[in-house]
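Atom set for the values below is all heavy atoms of this structure, side chains included, hydrogens, waters and symmetry mates excluded. Computed from a predicted model, the values in this text were never measured in an experiment. Residue numbers run from 1 in the order of the sequence given.
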Amino acid sequence: MLQQSVKKAPISPVTLAAGFALLAVIVGCAAWLTNAQAENEHWVSHTLQVQSAVVTSFSTLQDAQIGVRGLLIEDDLSTLAPYTKADPKIPETIDRVASLVADNPAQADRARRYREFALMSRDAFDGIVAAYNAGDRSKAVALLVESQKQAYMSQARSLADEMVKAEQILLQQRTRTVKTTTFWLDISTALAALAAMGLGIGTYFSVKSANDQLVAGNRQLASAYASLQDEIEERTKVEAQLRQSQKMEAIGQLTGGVAHDFNNMLAVIIGNLGLLLRRWRPQEDKAVQYIENALSGARRAETLTHRLLAFSRQQPLVPQVIDCNKLVGGMNDLLRRTIGENIQVETVLGAGNWRTRADPAQLESAILNLAVNARDAMLEGGKLTIETANAFLDETYTRPLDDVPPGQYVLISVTDNGTGMPAEVLARAFDPFFTTKAVDKGTGLGLSQVYGFVKQSGGHIRIYSELNHGTAIKIYLPRTVEPETAPSPLMPRTDEIPLGTHEQIILVVEDESSMRRFAVDALRELRYSVIHADNGKDALALLANHPRIDLLVTDIIMPEMNGRQLAEEIQRQRAGVKVLYMTGFTRNAVVHNGVVDDGVNLMTKPFSLADFAERVARLLRAG
């Protein structure tokens, strides 16, 4: 019967809304009364504090008086103890009374007058004690009599009593206010409880009636909801991948900027240390060791900046068309020497593999980085598998990846059966400087360097890992149909630095003075004739006085005229002049999309004296 009545006459939404509005008003009143109650209780407490402070202050003053009188009556210094203890506290107790009644003008006036009489009493006590200590007891008695005639203590007592009585009146008033507020607060609380109970009952019946009507509709919406849920999950994955991509891009811009600034500083440090080691012949082995230690530290910093540039996709690449089967197969000996004997290395090369276009040196470095990480995950030994294959990434896979187009890719997979990664580590695996290794066991830049290289090469990288079972890292590089690039002829290496002659004239243009000084000093140390300028305009002016220039060594990023524009103008005037660019920033006039333009000779800062000498000698020989 109850169910039938509910269905026939459910409570209307308007009635429920009115009930909730009434409940809100009651709750609001209760909240206001609660605040008022707290305020009233605060003032009751304040009144009690004032009374306590006044009583304490006058009691302290009386203690001082008792000590002084005891001294004169007993003629014994031991009776002065109450005075000695109370005297320094008198100003403090007076100040506390004044601060507590500052909000009440009448009480503040009483406190001001009380201070005057209390301090005059204290001064009289101090004078009596001073006279007694000086041996003049009769003077001390006379001073006590005089203070009694002046009635300092009586006046102070009278004012203290007035303040206590005034506060007592306030206490009674505020206590009555608290009781009244408490009464109305109890009433409002009771009304709120009754209103809430009534609304709860009414809401229950109304919701039950509406719920009976919605059950059928929910059954019809179940399939639609499941489809929507799938779409939400897919969108969540896409948004998470987008946030990760944006985070990596932002970190990449920051690390790239830092690395470029360090490159310019390291170029000067490494270059000048090389010059110092070459020109200065110290007799002490220690001095040579210090210089070599500094060079070693600078080169480690150089490696760090190169890894940062790799992550930020700002390292200059020299891509070639390569066969990954040949590249991976040629790394067997290097991998076995690096990984160690307790780890089995297996390469699985796919048949009929496509070619890809990438920087072979950077790709070898990426594979080696992944192999070293795999080794560190297999401390007790294990198996490392490097596999190549053809792969096709369809739209279903690439749709959440806005920077990976669908199509044909060359796959290089590095798999281990080590410890694997937990989810929280997997989520941050590509972040620069993130590492789970012990201190001094890694920089946390290995995977981030691989990530940056793959992305800069137009590829895709993915990690699959299961805790305590192992990890597989898959690199996808875009397929190319171009013919394989012929390997560059190997140049014989020698420990000797190639030297030039004074007849060979080199023009150095660099706007940063410290870098320009190093380049000039280094070339003169290598026996070349050098002229130099700090901008393109001055460099062109030097051509009038030097009819022959064999080589232009120039920075790229310079004000007004960049290095590319300067080189083109000089080659227009002097055909055949070779050009060697120096740069610490890859996004410039000779590097586009991270790839060095064809026919461009580029030295990336920092570089050593030996590398500089070899590159200059090679260009001049080619000329």
Side-chain angles (χ1 to χ4, degrees), residues 229-230 232-245 247-248 311 324 328 331 335-336 338-350 363 365-394 396-401 403-404 409-438 441-455 459-477:
Q229 191 70 18
D230 292 340
I232 291 174
E233 290 179 0
E234 184 67 21
R235 180 174 297 178
T236 301
K237 293 179 182 177
V238 172
E239 290 176 350
Q241 291 170 346
L242 177 60
R243 286 194 297 271
Q244 176 70 8
S245 176
K247 182 190 76 171
M248 299 297 279
F311 167 73
C324 289
V328 172
M331 293 181 65
L335 287 171
R336 286 187 168 86
T338 304
I339 300 305
E341 298 180 354
N342 65 330
I343 294 177
Q344 178 187 353
V345 180
E346 180 180 355
T347 55
V348 181
L349 305 179
L363 181 54
S365 176
I367 295 173
L368 189 61
N369 260 324
L370 297 181
V372 170
N373 277 354
R375 176 200 65 189
D376 294 341
M378 299 182 288
L379 297 178
E380 303 299 327
K383 183 178 180 180
L384 173 66
T385 304
I386 301 178
E387 181 181 0
T388 64
N390 295 331
F392 180 80
L393 302 182
D394 58 20
T396 302
Y397 180 88
T398 62
R399 188 179 299 115
L401 310 171
D403 59 343
V404 180
Y409 289 81
V410 177
L411 167 65
I412 302 175
S413 176
V414 179
T415 306
D416 65 71
N417 59 352
T419 57
M421 305 181 194
E424 61 272 14
V425 173
L426 189 61
R428 300 183 58 193
F430 291 130
D431 290 2
F433 299 111
F434 174 76
T435 180
T436 57
K437 298 177 183 178
K441 296 297 183 182
T443 62
L445 287 172
L447 281 179
S448 61
Q449 180 181 3
V450 175
Y451 174 88
F453 160 70
V454 173
K455 289 297 184 181
H460 171 57
I461 184 170
R462 191 71 174 267
I463 302 179
Y464 302 89
S465 187
E466 186 175 349
L467 200 60
N468 299 322
H469 286 81
T471 300
I473 301 181
K474 298 186 176 183
I475 295 176
Y476 298 87
L477 296 174

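For T385, there are no side chain to side chain donor-acceptor pair (under 3.5 Å) partners, not counting sequence neighbours. L467 meets the side chain to side chain contact (heavy atoms under 4.5 Å, CB included) test with P422; sequence neighbours excluded. Partners of T419 according to the side chain to side chain donor-acceptor pair (under 3.5 Å) rule, which considers only residues two or more places apart in sequence or in another chain, do not exist here. Residues passing the side chain to side chain donor-acceptor pair (under 3.5 Å) test with S365, sequence neighbours excluded: none. With sequence neighbours excluded, the residues that form a side chain to side chain donor-acceptor pair (under 3.5 Å) with Y397 are H460, R462.
Note that the CD1 atom of I412 and the CD1 atom of I386 stand 9.0 Å from one another [nearest 0.5 Å]. Rounding to the nearest 0.5 Å gives a distance of 6.5 Å between CD1 of I475 and CD1 of I367.
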In a table with atom names and distances, give each donor-acceptor pair under 3.5 Å that connects a side chain of residues 339-347 to protein atoms at least two apart or in another chain.
{"unit_1": "E346", "atom_1": "OE1", "unit_2": "K383", "atom_2": "NZ", "d": "2.7"}

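Annotation: side chain of L384 is not in contact with side chain of R375 (no heavy-atom distance under 4.5 Å). Side-chain contact check for T388 versus V410: every heavy-atom pair is 4.5 Å or farther apart. The shortest distance between side-chain heavy atoms of V414 and N373 does not fall below 4.5 Å.
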**Request:** Go through the steps to decide whether T415 and E387 satisfy the test side chain to side chain contact (heavy atoms under 4.5 Å, CB included), and finish with yes or no.
**Result:** CA-CA 8 Å; T415 306; E387 181 181 0; 5.7 Å; no

